[in-house]
Amino acid sequence: MAAILLVEDEPSIRSALTRALTDLGHVVTTSNTGMSGLESALEDAPDVVLLDLGLPDIDGLQVLAMLRAVSQVPVIIIT
């Protein structure tokens with residue numbers, strides 16, 4: 001079981017991925033903005049981050065750059 005942070009602003013995608021990953025036994029934390037995703041990544045220390053690039057507040061590549069400055073958590077781009 002992995003702790004997964006899902007950063008996705010589209011509610012239907014966020015819901016479907018959360019449901020599928022939870023059904024597989026993973027613990028999923030979600031964020032719908034880049035900044036809240038960064039906060040969650042730092043506070044929750046997930047095993048992996050699933051990151052959308054088209055976020056409403058900040059571009060996903062900027063989120064990735066800021067995350068890389070402080071963490072080496074694996075990131076999967078889901079755009």
Side-chain angles (χ1 to χ4, degrees):
M1 167 173 58
I4 299 173
L5 171 59
L6 172 59
V7 184
E8 169 62 60
D9 63 320
E10 180 63 40
S12 61
I13 296 172
R14 191 172 58 245
S15 176
L17 285 172
T18 299
R19 186 174 42 253
L21 293 166
T22 301
D23 287 350
L24 292 171
H26 301 292
V27 175
V28 180
T29 302
T30 64
S31 294
N32 61 358
T33 67
M35 292 309 292
S36 67
L38 283 169
E39 291 172 9
S40 291
L42 296 176
E43 291 173 7
D44 301 334
D47 296 316
V48 64
V49 175
L50 303 180
L51 177 63
D52 181 26
L53 294 182
L55 298 167
D57 61 338
I58 185 170
D59 183 76
L61 291 177
Q62 292 173 308
V63 173
L64 179 59
M66 288 186 272
L67 186 57
R68 278 291 162 257
V70 295
S71 174
Q72 289 301 312
V73 63
V75 176
I76 299 172
I77 303 298
I78 59 165
T79 194

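All of these numbers come straight from a predicted model, not from anything done at the bench.
- The hydrophobic clustering, which links ILVMFWY residues whose side-chain heavy atoms are closer than 4.5 Å, places Ile13 and Ile76 together.
- Without hydrogens or angle criteria, Thr22 side chain to Thr18 main chain gives a donor-acceptor distance under 3.5 Å.
- For the pair Thr29/Ile4, no side-chain contact is recorded, criterion being any heavy-atom separation below 4.5 Å from C-beta on.
- In this structure, the side chain of His26 engages the main chain of Ala2 through a donor-acceptor pair within 3.5 Å.
- Pairing each heavy atom of Gly37 with each of Leu5, the nearest pair is O-CD2, 3.4 Å.
- The closest donor-acceptor contact from the side chain of Glu43 to the backbone of Ser40 lies at 3.5 Å or more, if one exists at all.
- At least one donor-acceptor pair closer than 3.5 Å links the side chain of Asp57 to the backbone N or O of Gly34.
- Across Asp9 and Pro56, no two heavy atoms sit closer than the pair CB-CD, 3.5 Å.
- Residues Leu53 and Val63 are members of one and the same hydrophobic cluster, defined by side-chain heavy-atom contacts under 4.5 angstrom among Ile, Leu, Val, Met, Phe, Trp and Tyr.
- Val28 and Val48 end up in the same hydrophobic cluster when Ile, Leu, Val, Met, Phe, Trp and Tyr side chains are linked at under 4.5 Å.
- Residues Ile58 and Met66 have side chains in contact (heavy-atom distance under 4.5 Å, counting atoms from C-beta outward).
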Decide yes or no on side-chain contact (heavy atoms from CB on, under 4.5 Å) for Thr30 and Glu8, but give the supporting numbers first. CA-CA 7 Å; Thr30 64; Glu8 169 62 60; over 6 Å; no

Run the side-chain contact (heavy atoms from CB on, under 4.5 Å) check on Val7 and Leu55 step by step: do they pass? CA-CA 8 Å; Val7 184; Leu55 298 167; 3.8 Å; yes

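- In plain terms, the two heavy atoms of Arg68 and Val75 that are nearest each other are NH2-CG2, 3.6 Å.
- For the atom pair Ile77 CD1 and Asp52 CG, the distance stands at 8.5 Å (nearest 0.5 Å).
- Placement of Leu64 and Val73 within a single hydrophobic cluster is found when ILVMFWY residues are connected by side-chain heavy-atom separations under 4.5 Å, directly or transitively.
- Of the possible polar contacts, none joining the Asp44 side chain to the Pro46 backbone as a donor-acceptor pair under 3.5 Å is found.
- Here the side chains of Leu17 and Ile78 are in contact, with some heavy-atom distance below 4.5 Å.
- Grouping the Ile, Leu, Val, Met, Phe, Trp and Tyr side chains by contacts below 4.5 angstrom, directly or via other members, places Leu51 apart from Leu42.
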Residue pair Val49, Leu67: steps toward the side-chain contact (heavy atoms from CB on, under 4.5 Å) verdict: CA-CA 10 Å; Val49 175; Leu67 186 57; 4.2 Å; yes

Given Arg14 and Leu6, is the side-chain contact (heavy atoms from CB on, under 4.5 Å) satisfied, shown in steps? CA-CA 7 Å; Arg14 191 172 58 245; Leu6 172 59; 3.9 Å; yes

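- Side-chain N/O atoms of Thr33 and Ser36 include a donor and acceptor closer than 3.5 Å.
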